[in-house]
**Q** 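Can you keep this structure in mind? I'll have questions shortly.
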Amino acid sequence: MELFELISTLTAICGPAGRESAVAKTVEEMARPYVDEVTVDVLGNVIAHKKGKGPKLMFAAHMDSIGFIVTYIEPDGSLRVGRVGGVRPNAVVNMPIRFQNGVLGTVRVLGKAKGDLTFDDLYLDIGATSREQAQSMVKIGDMAVYNTFAFKAGNAIVTPYLDNRVSCAVLLKALERLGESGNDLYFVFTVQEEVGTRGARTAAYGIQPNYGVALDVTIAADTLGAPRNSSVDMGKGAAIKVMDSSLIAHPVMVEKLSALVQEKGIKSQLEVLTAGGTDAGPIHTNMEGVISGVISIPCRYVHTPTEMADLDDIEACVALTVALAESKLN
């Protein structure tokens, strides 16, 4: 499957944190032909294992997305909601949404609310005219996600939930292209990253890797008027993380990835992010400690319904993932 089509397919699946099973089913089917075994653990992490006699190398990309959860149904059928992960109220007003059962609606703002909004200022309108009708459509605790499609803008793809289905696509493409490797490889598609990197913690405990690499988007701080809280620009290649708020990348991993991009001619940049974290946070503190780092995809407008990433940057991340998987690790 071509890269744009693959990302479009994955981002179209409803899979908010804690409800990733539909994404997991698709990922499992796509990964199975390229590995020796695929298992799904208790929390729902998909673990694709390509056996080798060398060190254990764990790649992790999270399947879950941010979204909304129904907290109360008003007498008129409107839905009050809370956040699942880092949803910013001002970024979602008037956006179309969908529930896992197919119910559609839109995000609305209370009539007099203005300025910096909170979730108390928002509600979902699913077309119901009474509480009873709404209750026949959804229930308390149901989750919704943005209901928009992927499209190309120049060499970029724009779609909700590049964070982090794009990294799932990177791992799947890397599996397709992977040649011989002496390493014991684990391609892990994790759950519940957006609400506390929970899936990666349990997966790493079960695998006990020698090396760990998270794949995730990172803030491309190259847009007009944006604060320079990241060293990364869209279109300048795969980003090799040095630090974020969850991880100071191990020097061994930074040096290894830096050497590989030089050796393979992969376009790259170094990443320092002043906030945010990835699955590498819990991985690197697992057991006695794990040599860990991050391969990041530069992304504009993170945690909005129109996240944007350059297709060449994504391809560079695939190439770097393959290069690391095939490399000799001590």
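One is the number of the first residue; the rest follow in order along the sequence.
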**Q** Can you tell me if Ser327 uses its side chain to pair, donor with acceptor, with the backbone of Ala325 under 3.5 Å?
**A** no
**Q** If every non-hydrogen atom of Gly77 is compared with every non-hydrogen atom of Ile126, which pair is closest and at what distance?
**A** O-CG1, 4.4 Å
**Q** Testing the basics here: between Ala280 and Ala214, what is the closest heavy-atom pair and its distance to 0.1 Å?
**A** N-CB, 3.5 Å
**Q** Has the side chain of Asp64 got a donor or acceptor atom that lies under 3.5 Å from a matching backbone atom of Glu194?
**A** yes
**Q** With a 4.5 Å cut-off on side-chain heavy-atom distances among I, L, V, M, F, W and Y, is there a chain of contacts connecting Leu311 to Val158?
**A** no
**Q** Nearest 0.5 Å, what's the OG-CE distance between Ser258 and Met253?
**A** 11.0 Å
**Q** Salt bridge check, Arg177 against Glu315: does any charged N sit closer than 4.0 Å to a carboxylate O?
**A** yes
**Q** Looking only at the side chains, is there a donor atom on one of Asp163 and His303 sitting less than 3.5 Å from an acceptor on the other?
**A** yes
**Q** Taking the side chain as every heavy atom from C-beta outward, state whether Lys241 and Thr278 have any atom pair closer than 4.5 Å.
**A** yes
**Q** Out of curiosity, does Val109 fall in the hydrophobic cluster containing Val87 (side-chain heavy atoms, cut-off under 4.5 Å, transitive links)?
**A** yes
**Q** Report yes or no: does Asp244 contribute a side-chain atom to a donor-acceptor pair with the main-chain N or O of Leu273 at less than 3.5 Å?
**A** no
**Q** Would you indicate whether the side-chain heavy atoms of Leu124 and Arg108 approach each other to under 4.5 Å?
**A** no
**Q** Any side-chain to backbone donor/acceptor pair from Gln192 onto Val195? Under 3.5 Å, distance only.
**A** no
**Q** Between Thr197 and Asp279, do the side chains contain an N or O donor and an N or O acceptor separated by less than 3.5 Å?
**A** no
**Q** CG/Leu43 to CZ/Arg198 distance, rounded to the nearest 0.5 angstrom?
**A** 9.5 Å
**Q** Can you give me the closest heavy-atom contact between Leu175 and Ala31, atom names plus distance?
**A** CD1-CB, 4.0 Å
**Q** Do Tyr161 and Tyr146 have ring centres separated by under 6.0 Å?
**A** yes
**Q** One thing to verify: whether Arg131 and Glu74 come together as a salt bridge, which I'm taking to mean a side-chain N less than 4.0 angstrom from a carboxylate O.
**A** no
**Q** Quick one: does Lys264's side chain get under 4.5 Å of Val261's, heavy atoms only?
**A** no
**Q** Taking all non-hydrogen atoms of both residues into account, name the closest pair between Met63 and Gly44 and its distance.
**A** CE-O, 3.7 Å
**Q** Before giving the answer on side-chain contact (heavy atoms from CB on, under 4.5 Å), spell out for Val93 and Leu117 the whole-Å C-alpha distance, their side-chain angles and the decisive distance to 0.1 Å.
**A** CA-CA 10 Å; Val93 174; Leu117 302 176; 3.5 Å; yes
**Q** What's the spacing between Ser181 OG and Lys50 NZ if we round to 0.5 Å?
**A** 8.5 Å
**Q** Is there a donor-acceptor contact under 3.5 Å from the side chain of Asp184 to the main chain of Gly52?
**A** yes
**Q** For Leu185, does its backbone N or O pair with a side-chain atom of Asn183 as donor and acceptor, under 3.5 Å?
**A** no
**Q** Start with the C-alpha gap between Met234 and Cys299, add the side-chain angles, then the distance that decides, and say whether side-chain contact (heavy atoms from CB on, under 4.5 Å) holds.
**A** CA-CA 6 Å; Met234 193 178 82; Cys299 185; over 6 Å; no
**Q** Could you pull out every donor-acceptor pair under 3.5 Å between side chains of residues 133-141 and any protein atom, sequence neighbours left out?
**A**
residue : atom : partner : partner atom : Å
Gln133  : OE1  : Thr129  : N            : 2.9
Gln133  : OE1  : Thr129  : OG1          : 3.0
Ser136  : OG   : Gln133  : O            : 2.5
Lys139  : NZ   : Asp142  : OD1          : 3.0

**Q** In the structure I gave you, are the side-chain heavy atoms of Glu176 and Tyr34 within less than 4.5 Å of one another anywhere?
**A** yes
**Q** I'd like to check Arg80 versus Val70 (side-chain heavy atoms, cut-off strictly below 4.5 Å). Are they in contact?
**A** no
**Q** Distance-only, no hydrogens or angles: does the Asn286 side chain make a donor-acceptor pair with backbone N or O of Ala204 under 3.5 Å?
**A** yes
**Q** Hey, could you give me the CD1/CD1 distance between Ile314 and Ile157, rounded to the nearest 0.5 Å?
**A** 6.0 Å
**Q** Start with the C-alpha distance between Ile219 and Asn229, add both sets of side-chain angles, then the distance that settles side-chain contact (heavy atoms from CB on, under 4.5 Å), and finish with yes or no.
**A** CA-CA 8 Å; Ile219 295 170; Asn229 55 358; 4.0 Å; yes
**Q** Grab the two heavy atoms, one from Thr148 and one from Pro305, that are nearest each other, plus how far apart they are.
**A** OG1-O, 3.9 Å
**Q** Shared ILVMFWY cluster between Ile7 and Val145, side chains joined below 4.5 angstrom?
**A** no
**Q** Is the closest side-chain heavy-atom distance between Glu307 and Arg300 below 4.5 Å?
**A** no
**Q** Do Thr218 and Glu271 pair up side chain to side chain, a donor and an acceptor below 3.5 Å, judged on atom types alone?
**A** yes
**Q** Is there a side-chain contact between Val23 and Phe189, using heavy atoms and a 4.5 Å cut-off?
**A** no
**Q** So does Asn94 have more than 12 non-hydrogen atoms from other groups sitting under 6.0 Å from CG?
**A** yes
**Q** Quick one: does any side-chain atom of Asp310 pair with a main-chain N or O of Asp313 as donor and acceptor, under 3.5 Å?
**A** yes
**Q** If you compare all heavy atoms of Leu171 against all heavy atoms of Val188, which two are closest, and at what distance to 0.1 Å?
**A** CD1-O, 4.0 Å
**Q** Roughly how far, to the nearest 0.5 Å, is OH of Tyr72 from CG of Leu79?
**A** 11.5 Å
**Q** Does atom CD1 of Ile248 have more than 12 heavy-atom neighbours from other groups under 6.0 Å away?
**A** no
**Q** Should Val40 and Glu28 count as side-chain neighbours, where that means a heavy-atom distance under 4.5 Å?
**A** yes
**Q** Do Lys56 and Tyr211 meet the cation-pi criteria used here (NZ or CZ under 6.0 Å from the six-membered ring centre, within 45° of the axis)?
**A** no
**Q** Test your reading of the model: is there a side-chain donor-acceptor pair from Gln269 to the backbone of Gly237, 3.5 Å cut-off?
**A** yes
**Q** Please determine whether side-chain contact (heavy atoms from CB on, under 4.5 Å) holds for the pair Thr9 and Met1, giving the CA-CA distance in whole Å, both sets of side-chain angles, and the decisive distance to 0.1 Å.
**A** CA-CA 10 Å; Thr9 297; Met1 190 181 293; 3.9 Å; yes
**Q** Consider only side-chain heavy atoms of I, L, V, M, F, W and Y, link residues closer than 4.5 Å, and tell whether Val213 and Ile266 are in one cluster.
**A** yes
**Q** Is the backbone N or O of Gly102 less than 3.5 Å from a side-chain atom of Arg98, with the two atoms forming a donor-acceptor pair by type?
**A** no
**Q** When hydrophobic residues are tied together by side-chain contacts of less than 4.5 Å, even through go-betweens, does Val103 share a cluster with Tyr123?
**A** no
**Q** Measuring from atom CG of Asp312 to atom SG of Cys317, what distance do you get when rounded to the nearest 0.5 angstrom?
**A** 11.0 Å
